[in-house]
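Step one of this worksheet: look at the structure below.
Just the heavy atoms: all of them, side chains too, but no hydrogens, waters or symmetry mates, feed the values below. Each chain gets a letter, A, B and so on, in the order its sequence line appears, and its residues count up from 1.
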Amino acid sequence: MSVITRFAPSPTGYLHIGGARTALFNWLFARHNGGKFLLRIEDTDRVRSTEAAIDAIIDGMKWLGLDWDGDVIMQFARQARHAEVADKLLAEGKAYRCYASVEELEEMRKAAMAAGKPLRYDGRWRDRDPKEAPEGVKPVIRIKAPQTGETVVRDEVQGEVRVGNEQLDDMVLLRSDGTPTYMLSVVVDDHDMDITHVIRGDDHLTNTFRQVMIYDAMGWKHPSFSHIPMIHGPDGAKLSKRHGALGVEAYRDMGYLPEALRNYLLRLGWSHGDDEIISTRQAIEWFGLDAVGRSPSRFDFAKLDNLNAHYLREANDGSLAQETAKRLGVADAAIVERLRRAMPGLKARAKTLKELAENAAFYVAPRPIPMTDKAKALLTPEAKTLLAGLADELAKAGDWSAAALEAQVRAFVEARQVKLGQVAQPLRAALAGSTTSPGIFEVMEILGQSECLGRIKDCA
RNA sequence: GUCCCCAUCGUCUAGUGGCCUAGGACAUAGCCCUCUCACGGCUAGAACAGGGGUUCAAAUCCCCUUGGGGACGCCA
């Protein structure tokens, strides 16, 4: 039997970080097994579903590099099929019409709470004669849940989980307007799409008991269930926006690389010995449900930063230069080429693309370049005298390579009886407008002779 | 309120009864490298939530407590 997994987000918002990890695990599991990975948009909530959210989810999936098989499936389009299943259950006496009002339901919950009982529908229309139905009330269709015994879910991650059936109630399958509920839709779709492995967030674990009732009532085989732990904020509570509960496009804008985010998300709740840096290729080869943990994890930007810095250093200089140019609003091909040449020195010093662009700004800034206060402070009268002397010699330089420049500057400081730093730091301030930058000789080579002399002159 | 799940350094985790005076990574601190900042290298501090069992032996198995999370909708 070939593996088929799916990612089934509801388009009521962006593709958030928890969803991205769920998608990643499903994708990895399918790819590992040479199976299929499907994308199904659960848009049955017509009020909250939006076109923009659908686009955000699809863009996010593409950016993360999680490709799905076949077309995107829109759940709402299958509503007739869902209703058909509900009707079948009704015809077989496994479901019934319920005319209880929302007020009645609310009272039931209050009473149950007060009595220390589980909050559930009491089944008042389960065996009642439909002739007693109140006039003009559109009924919902509820499933007849088992009332005794227990329901067991064999979960690949959580193990065997069981609950007494008295905890479960006759849930709604079809709303009074005839539209299917989530519980019905997922089960019917997962069955019809031949999903073999349902891998989803922990928050669905208790829902699974309810869904199993539908599988059983229809006589359908259960898929394998895996409920993966959730991702919490740094404080252990629910992930808030400022703590990372953002859409993946926000991570893209902050300058994170998709491969870094993938690696980070993979290691949240899954491990392979002591391995930390795991390529996608290795991830596909190694991924399995048995190594998925059961405890929730906290989102940590510091670790993401570290991973991102690693992948940044491995990234191609040309594409990094393109990305940096875009962030800096540079279109000039010569400047982009300058950035490409500067990239080895630049990318080792940045954790994100955003930081990379900030650090690269001095390479593209027109003269006179902006200068930080610390850089200005470095340009003392003595330093300026030194720089002026150096500039005179540099003007005569024939070989403008970093190595030749270093030799020349070192000879200069030796002749003047000063330390290298006494010249290098003011020089850095003049050329980069900052007290920090890539190696100064490298900067000089990339900037070129006339630009360097010009920048030195600017701060004389 | 009822039910379900979880519990190893600050964080992510390794660990599936003896290899554990608990390993790795991130973060933190110090040192080295050095033209600055990074990178890199080395070093340091840092954890089995608590209490009972089971066993010759428990981070590992069982129970309780505590703490966290989740579900309980005509939302998904």
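Rounded to a whole Å, the CG atom of A:N308 is 15 Å from the P atom of B:rC26. Between the CG atom of A:D170 and the P atom of B:rG73 there is a distance of 13 Å, given to the nearest Å. The CG-P distance, from A:N306 to B:rC26, rounds to 5 Å in whole Å.
Across all strands shown, B:rC26 forms a Watson-Crick or G-U wobble pair, both distances under 3.5 Å, with B:rG10. B:rA38 is unpaired under the criterion used here, namely a Watson-Crick or G-U wobble arrangement in which both key atom distances are under 3.5 Å.
Dashed line: the shortest gap from a side-chain N or O of A:R294 to OP1 or OP2 of B:rC6 is under 4.0 Å. Using a 4.0 Å cut-off, some side-chain N or O of A:T44 falls inside it from OP1 or OP2 of B:rA76.
The stretch residues 156-164 of chain A comes close to RNA chain B through A:Q158, A:V161, A:R162, A:V163, each having a heavy atom under 4.0 Å from the strand.
Counting distance only, with no hydrogens placed and no angle test, the side-chain atoms of A:K303 and the base atoms of B:rA27 include no donor-acceptor pair under 3.5 Å.
Looking at residues two or more places apart in sequence or on another chain, you find a side chain to side chain contact (heavy atoms under 4.5 Å, CB included) between A:H222 and A:V212, A:Y215, A:D216, A:F225. Annotation: side chain to side chain contact (heavy atoms under 4.5 Å, CB included) contacts of A:R340 (sequence neighbours excluded): A:D317, A:A321, A:E337. In this structure, the side chain to side chain contact (heavy atoms under 4.5 Å, CB included) partners of A:E104, at least two apart in sequence or on a different chain, are A:A100, A:S101, A:R124. Taking the side chain to side chain contact (heavy atoms under 4.5 Å, CB included) definition, one finds that A:A111 meets it with nothing, sequence neighbours left out. Qualifying ring pair (Phe, Tyr, Trp, His ring centres under 6.0 Å) partners for A:W68, counting only residues two or more places apart in sequence or in other chains: none. Here A:Q417 pairs with nothing under the side-chain hydrogen bond (donor to acceptor under 3.5 Å, both in side chains) rule; sequence neighbours left out.
Using atom C1' as the reference point in both B:rG41 and B:rU34, the two lie 13 Å apart (nearest Å). Rounded to the nearest Å, the gap between the P atom of B:rU55 and that of B:rG15 is 28 Å. If you take atom P in B:rG45 and the same atom in B:rC61, they sit 29 Å apart, rounded to whole Å. Across the C1' atoms, B:rA38 and B:rC32 are found 15 Å apart, a figure rounded to whole Å.
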Can you give me every donor-acceptor pair (side chain of residues 37-44 of chain A, partner residue at least two apart or in another chain, under 3.5 Å) with its distance?
{"unit_1": "A:R40", "atom_1": "NE", "unit_2": "A:E42", "atom_2": "OE2", "d": "2.9"}
{"unit_1": "A:R40", "atom_1": "NH1", "unit_2": "A:D190", "atom_2": "OD1", "d": "2.9"}
{"unit_1": "A:R40", "atom_1": "NH2", "unit_2": "A:E42", "atom_2": "OE2", "d": "2.8"}
{"unit_1": "A:R40", "atom_1": "NH2", "unit_2": "A:D190", "atom_2": "OD1", "d": "3.1"}
{"unit_1": "A:E42", "atom_1": "OE2", "unit_2": "A:Q75", "atom_2": "NE2", "d": "3.2"}
{"unit_1": "A:D43", "atom_1": "OD1", "unit_2": "A:Q75", "atom_2": "N", "d": "3.2"}
{"unit_1": "A:D43", "atom_1": "OD1", "unit_2": "A:F76", "atom_2": "N", "d": "2.7"}
{"unit_1": "A:D43", "atom_1": "OD2", "unit_2": "A:R46", "atom_2": "NH1", "d": "3.4"}

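Place A:K117 and A:L105 on RNA chain B by their nearest nucleotides, and A:K117 ends up nearer the 5' end.
Residue pairs meeting the ring-ring contact (aromatic ring centres under 6.0 Å, His included) criterion with at least one member in residues 161-190 of chain A, sequence neighbours excluded, are A:Y182-A:H204.
A salt bridge links A:R78 with A:D192: the distance from a Lys NZ or Arg NE/NH1/NH2 to an Asp or Glu carboxylate oxygen falls below 4.0 Å. The pair A:E414-A:R416 fails the salt-bridge criterion, with no side-chain N (NZ, NE, NH1 or NH2) lying under 4.0 Å from an Asp/Glu carboxylate O.
Within the 4.5 Å cutoff, the side chain of A:M371 has heavy atoms near those of the A:L379 side chain.
With 3.5 Å as the limit, one finds a donor-acceptor pair spanning the side chains of A:T208 and A:R200.
Contacts of A:S176 with the nucleic acid, taken as non-hydrogen atoms under 4.0 Å apart, include base atoms.
Ring-plane geometry between A:W286 and A:H272 is classed as parallel, the angle between the planes falling under 30 degrees on a 0 to 90 degree scale with a further cut at 60.
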Nucleotide-resolved protein contact map, nucleotides 32-51 of chain B, B/S/- at heavy-atom distance under 4.0 Å: ---BBBBSS-----------

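No option in A:H82, A:R6, A:R81 other than A:H82 meets the side-chain hydrogen bond (donor to acceptor under 3.5 Å, both in side chains) test with A:D189.
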Could you list all N or O pairs between the protein and nucleotides 69-72 of chain B that sit under 3.5 Å apart?
{"unit_1": "B:rG69", "atom_1": "O2'", "unit_2": "A:H232", "atom_2": "NE2", "d": "3.4"}
{"unit_1": "B:rA71", "atom_1": "O4'", "unit_2": "A:T206", "atom_2": "OG1", "d": "3.1"}
{"unit_1": "B:rA71", "atom_1": "O2'", "unit_2": "A:T206", "atom_2": "OG1", "d": "2.8"}
{"unit_1": "B:rC72", "atom_1": "O2'", "unit_2": "A:L119", "atom_2": "O", "d": "2.7"}

N/O-N/O pairs, protein side and nucleotides 17-19 of chain B side, under 3.5 Å:
none

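If you check B:rA76, B:rG24, B:rC26 against the side chain of A:R267, the one that comes closest is B:rG24.
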